[in-house]
Amino acid sequence: MREIVVRAPATIANFGPGFDIFALALEKPYDEFRISLSQNNSVVINIEAGKWEVPTEVKRNTAGLAAINLLQRLGKPQGVEINIKKGIKTCSGLGSSGASASATAYGLNQMLSLNLNYNEIIEIASSAERITGGQPHADNAAACLLGGFILVRCFKPMDVTKFEVPDIPIVISIIKKKLTTTRGLIKKRYTLKELKNQISCCSALIHAIESGNLKDIGRFVNKDCLSEPARAKSIPGYENVKRRVLYAGAYGCNISGGGSSIFAICEKEKREEIATIFEKELIETEKEILITKSSNIGITQI
Ligand code: HSE
């Protein structure tokens, strides 16, 4: 095989309390990647479509870094061309860089018949994610690859497990973050009370996913002591809009990944109302409102 075309979904990393260990795949938006093997020995990135600025310099793009990481395992020179159609807004906490890294690692593994298992693909993709936040993180890359809800059970060696999810209606206010990364804002020390809350929310959320209880999924997505308090400060109007959507009947609301996008979980019939609240309450923020849902489908060949 000399060429492969794949679709890679957007993801909500952390999904409330699961900092770096939980993520959910979405039905839309998604990116498409046409990856081909070439005669020369270089890695080339082209942006075919998409209205957002994406670096084409190989070492500044997670697709390029994932390709370099993977080709090192091949042990012989190989040229690769990656053509990207961007559907996922960059720098908005919806897993755009994770999708690039995962799709490239997946595509090359298929074409070069490397027989890497999914944990190895996630490992390669997650180390490419280092350029986005200084630290490798696997949550976006894993949910993008596998679909559904993922739990990173261990980072070294990489060990990810997937849970099938029910239809979870999701409304997102897609907001670009001002900083390249917001990981540095998260505090390093926590009280015992905070840790107990966090452990119970993470456990309760996994239980809610397993039992398919939408109300409980929202309830436990809603709470987080680690990422949310730090990142909320850099999203104008966050506390207010969260209060409003919950008052209107959404089951949960939180920050997607590193932000600044905000997502809410609600019944299907409530989606338009929640979207209108995002629209009206975040009036001074440049945003795009999207109605979507969870998806059990990860990267697929098209
Ligand atoms: N878990 C990562 C973080 C996801 O919170 O920084 C980044 O999208």
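In listed order, ligands and their atoms are each counted from 1.
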Any idea which atoms of ligand 1 are less than 4.0 Å away from a heavy-atom of D139?
1 (N), 2 (C), 4 (C)
Atom CD of E272 with >12 non-hydrogen neighbours under 6.0 angstrom
no
With a 3.5 Å distance limit and no angle check, can you tell me whether K287 reaches the backbone of L282 through a side-chain donor-acceptor pair?
yes
With side chain to side chain donor-acceptor pair (under 3.5 Å) as the rule and sequence neighbours excluded, what pairs involving residues 191-211 come up?
K187-E194, T191-E194, Q198-D224
Per-atom contacts, ligand 1 versus A13 - under 4.0 Å to a heavy atom:
4 (C)
How far apart are the closest heavy atoms of V152 and A138, and which atoms are they?
CG2-CB, 4.3 Å
Could you tell me which atoms of ligand 1, counted from 1 in the order shown, lie closer than 4.0 angstrom to a heavy atom of G258?
7 (C), 8 (O)
Please work out which of R183, H137, K177, E129 has its closest non-hydrogen atom nearest to atom 3 (C) of ligand 1.
R183
Near N14, which atoms of ligand 1 are under 4.0 Å from a heavy atom of that residue?
1 (N), 2 (C), 3 (C), 5 (O)
Counterpart residues, salt bridge (Lys or Arg N to Asp or Glu O under 4.0 Å), relative to K223 (two or more places apart)
none
Ion pair K156/E123, N-O distance below 4.0 Å:
no
At under 4.0 Å between heavy atoms, which part of D20 makes contact with ligand 1: side chain, backbone, both or neither?
both
Tell me: protein heavy atom nearest atom 8 (O) of ligand 1, and distance?
N140 OD1, 3.1 Å
